[in-house]
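Encoded as structure tokens, the structure appears first; notes follow it.
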Amino acid sequence: MSRVALQQAALHASAPVSVCVLDATGRTLVVKTMVDCATLAPDLALAKARTCVGFHMSSRTFKDSYVNGEGGGPKMPQALAMVTIGAAAGQAVASFPGGVLCRDGDMNVVGAIGVSGARSDEDEHCAILGAQAVGLVTEPAKARCETRVWTRTAPWAGRAAHGIEARAGEVTSGCVPRKSTGARARS
């Protein structure tokens, strides 16, 4: 799962990423980080995955449920309280995309994958494809971005990432937002 997420990042992300996989109890199963990844990315990947197993929803759904487009809203005090309690318990909560809840075929929560380091939509894209590659049902089921091909090389290309290498001069790609369907998240 983490290997596929890293491969997707090497192909589609705008920057190196870190991947964190947790089981349903929140225990860390694996953390992998690409060379030249931002130093805070592993902690953010863990926070995104913990948000998923802690609330049984994706980190995007958490954000959409509590924070409006302007970064506030009537449920913002509740979100801030949850983040504060999580921090006090040593379990950070992330209210931005990149954390994906994973279920088995019977829809039981089996864990989560968090990806951080690139744009949030790209992080989410890599996490979804990583989890789906091992047969898990993901929430969300589909990323909110589409891939596009760039004709220039990503600035970090040529750096190995746990056996995954993007070579300088290769065509790389990235995520672009999908057109909104007008659907709103439930509150």
Side-chain angles (χ1 to χ4, degrees), residues 1-63 82-104 108-141 143-145 147 154-166 172 174-175:
M1 177 172 7
S2 60
R3 187 174 196 283
V4 171
L6 288 172
Q7 286 173 328
Q8 288 300 312
L11 293 171
H12 301 290
S14 60
V17 300
S18 184
V19 177
C20 179
V21 178
L22 304 180
D23 69 10
T25 66
R27 183 178 56 202
T28 302
L29 300 177
V30 64
V31 176
K32 291 186 178 183
T33 302
M34 297 172 87
V35 174
D36 284 344
C37 185
T39 57
L40 193 54
D43 296 315
L44 293 173
L46 174 61
K48 291 176 183 185
R50 278 212 172 121
T51 300
C52 297
V53 296
F55 295 101
H56 284 202
M57 64 177 70
S58 73
S59 59
R60 179 184 295 275
T61 301
F62 180 85
K63 176 190 79 77
M82 289 187 281
V83 169
T84 302
I85 291 167
Q91 297 192 21
V93 174
S95 60
F96 34 86
V100 174
L101 186 65
C102 301
R103 295 181 183 270
D104 62 16
N108 298 308
V109 173
V110 295
I113 179 171
V115 178
S116 189
R119 292 185 208 105
S120 296
D121 288 339
E122 293 171 344
D123 293 343
E124 184 179 70
H125 173 79
C126 295
I128 289 169
L129 294 180
Q132 289 176 350
V134 296
L136 296 173
V137 177
T138 61
E139 292 178 22
R144 289 195 185 175
C145 67
T147 59
W156 51 274
R159 304 279 165 69
H162 297 280
I164 290 124
E165 189 168 329
T172 58
C175 281

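Fair warning: this is a prediction, and the values are worked out from it, not measured in the lab. Along the sequence shown, residues are numbered consecutively beginning with 1.
Ring-plane geometry between H125 and H12 is classed as perpendicular, the angle between the planes exceeding 60 degrees on a 0 to 90 degree scale with a lower cut at 30.
Ion pairing of D43 with R50 is absent here, as no side-chain N (NZ or NE/NH1/NH2) approaches a carboxylate O to less than 4.0 Å.
Shown here for Q132 and T138, the closest heavy-atom pair between the two residues is NE2-OG1, 3.0 Å. Taking both residues in full, the closest heavy atoms of F55 and M82 are given as CE2-SD, 3.4 Å, listed atom of the first, atom of the second, then distance. In this structure, S116 and C37 approach most closely via the heavy-atom pair O-SG, 4.3 Å. In terms of heavy atoms, C52 sits closest to G99 at SG-C, 3.2 Å. Nearest heavy atoms, A45 versus S18: CB-O, 3.6 Å. Shown here for A5 and V115, the closest heavy-atom pair between the two residues is CB-CG2, 4.4 Å.
Without hydrogens or angle criteria, E122 side chain to G117 main chain gives no donor-acceptor distance under 3.5 Å. With T28 contributing its side chain and V30 its backbone, the two residues share no donor-acceptor pair below 3.5 Å.
Side-chain contact check for R60 versus D121: some heavy-atom pair is nearer than 4.5 Å. Residues I113 and C102 have side chains in contact (heavy-atom distance under 4.5 Å, counting atoms from C-beta outward). Counting heavy atoms from C-beta on, the side chains of D123 and P97 never come closer than 4.5 Å. At a threshold of 4.5 Å between non-hydrogen side-chain atoms, the residues V53 and D23 do not count as touching. In this structure the side chain of V17 reaches within 4.5 angstrom of the side chain of L6, judged on heavy atoms. Inter-residue side-chain proximity for M1 and L29 is flagged as unmet; no heavy-atom pair is nearer than 4.5 Å. Contact check for V31 versus C20: side-chain heavy atoms found under the 4.5 Å cut-off.
Taken to the nearest 0.5 Å, the CG atom of N108 stands 8.0 Å off from the CZ atom of R103. A distance of 7.0 Å separates CE of M57 from CZ of F62, quoted to the nearest 0.5 Å.
For S59, the side-chain contact (heavy atoms from CB on, under 4.5 Å) partners two or more places apart in sequence, or in a different chain, are K48, T51.
No side-chain donor from either of E139 and T61 sits under 3.5 Å from a side-chain acceptor of the other.
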